[in-house]
Amino acid sequence: MIFNDMRLKLEKGRKKVLDAIKEHGGTTLLSTGITGDDARMAKAAVDAGARLLEPNHPALVLARGYKGVNNMDDAEQVRHEIRLEQMLEAAHGVRQVVGEDIYITAGVPGGFTEVMPVILTDDDFIKIARAGIDGLHTHKSSIEDLKIWVEKAHSYGLLVDAYIGQPTDKHIFGVPAETPEEVAKVAKEMEAIGVDFIGMMTGMSYEGVKGGEIHPFMKARLEALVKAVSVPTIAEGGINKGNYKAFKEVGINILVVGTALDNIAAKAIQNEVKEFLK
């Protein structure tokens, strides 16, 4: 193991994230979905100012139409079948287009709590690092598994962003914590084992909530996360143009936006095609 080389890679990746947060006034955007795995869309996001990108295996399921899947719920059920080589090809292509100054965190098979276990070898971690990836977007559901993942990732110069979910979530996307007190406890445990960026799965928590606001239940959880740790914080799920300012007001550092951008792109294409066919 070449320890200093890997340490330098970690520092370089962390600087990219911290610089983006500072540049954007304390809250920046992590662009995912089609802007994470399609190099053309990634470049469009970067040209508009995005500095963080996230290709991931559920999104690649949708992008490739794997097994005819056309919605995210179904994609989550077969994401583990995407080969690591497919993810690395997509991420490497994005890296070649957006350049070295952009932070890329990747969701790879085995990095989530998969429907079927996927075990990555040391050679796999080397391949991930050499593909131009700075970090791993992780949804492990126990501190024990997460600790192993962080140690392995750091050994190969890869940062880790990990998430806190709810016990009632439809899909397992993080270590479960229900109350704000539990959120704070889990967040501190994550920071203690070396997680570099800690996220909260916010899901579809805006139904019945006044536009531009966060549901009080979710807001309390987010506030507990922000207060509990010193590392950058992340929110993911249901974030769009109508509510993103509420997240900024809570103090979240990184907003993960994918579906909202996908929907905007799909609608724009539909409108243009209709114009051509008039």
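For clarity, every value in this text was computed on a predicted model and none was experimentally measured.
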Kindly say whether [Y] contributes a backbone atom to a donor-acceptor pair with the side chain of [X] at under 3.5 angstrom?
X: Glu89; Y: Glu85; result: no
X: Asn243; Y: Gly238; result: yes
X: His139; Y: Phe173; result: yes
X: Thr35; Y: Gly258; result: no
X: Asp262; Y: Gly33; result: no
X: Gln86; Y: Arg83; result: yes
X: Thr202; Y: Glu236; result: yes

Does [X] reach the side chain of [Y], with side-chain heavy atoms less than 4.5 Å apart?
X: Leu159; Y: Arg14; value: yes
X: Val257; Y: Ser31; value: no
X: Val94; Y: Asp37; value: no
X: Phe247; Y: Leu222; value: yes

Cluster check [X], [Y]: I/L/V/M/F/W/Y, side chain < 4.5 angstrom:
X: Ile102; Y: Ile234; answer: no
X: Leu158; Y: Leu88; answer: yes
X: Phe197; Y: Leu136; answer: no
X: Tyr66; Y: Leu60; answer: yes
X: Tyr244; Y: Met201; answer: no

Just verifying a value: how many Å separate [X] [atom1] and [Y] [atom2], rounded to the nearest 0.5 Å?
X: Leu52; Y: His24; atom1: CG; atom2: NE2; value: 8.5 Å
X: His92; Y: Ile133; atom1: NE2; atom2: CD1; value: 10.5 Å
X: Leu146; Y: Ile143; atom1: CG; atom2: CD1; value: 5.5 Å
X: Ile252; Y: Leu225; atom1: CD1; atom2: CG; value: 5.0 Å
X: Thr28; Y: Ile254; atom1: OG1; atom2: CD1; value: 7.5 Å
X: Tyr103; Y: Leu18; atom1: OH; atom2: CG; value: 10.0 Å

Pairing of [X] and [Y] as salt bridge, 4.0 angstrom limit:
X: Asp19; Y: Arg51; answer: no
X: Lys16; Y: Asp101; answer: no
X: Glu178; Y: Arg221; answer: no
X: Glu151; Y: Lys147; answer: yes
X: Asp122; Y: Lys152; answer: yes
X: Lys188; Y: Glu191; answer: no
X: Asp47; Y: Lys43; answer: yes
X: Lys185; Y: Glu189; answer: yes

Q) If you look at every heavy atom in Ile34 and Ala265, which pair is closest and at what distance? A) CD1-CB, 3.6 Å
Q: Compare every heavy atom of Gly107 with every heavy atom of Met87, then report the nearest pair and how far apart it is.
A: CE-O, 3.6 Å
Q: Mind running salt bridge (Lys or Arg N to Asp or Glu O under 4.0 Å) on Glu76 and Arg79 for me, showing each step along the way?
A: CA-CA 5 Å; Glu76 302 296 358; Arg79 66 191 183 212; 2.7 Å; yes
Q. Pick one: which of Val78, Asn70, Asn56 meets side-chain contact (heavy atoms from CB on, under 4.5 Å) with Val61?
A. Val78
**Q.** Option from Val17, Thr105, Leu53 for which side-chain contact (heavy atoms from CB on, under 4.5 Å) with Leu30 holds
**A.** Thr105
Q | Asp134 vs Arg95, salt bridge (Lys or Arg N to Asp or Glu O under 4.0 Å): CA-CA, chis, key distance, verdict | A | CA-CA 10 Å; Asp134 299 298; Arg95 171 62 76 200; 2.7 Å; yes
Q) Parallel, tilted or perpendicular: which describes the rings of Tyr156 and Phe125, with under 30° parallel and over 60° perpendicular? A) parallel
Q.
For Thr27 and Asn253, which I'm curious about, is there any donor-acceptor pair between the side chains at under 3.5 Å?
A. no
Q: Measure from the ring center of Phe112 to the ring center of His57 and say whether it is less than 6.0 Å.
A: yes
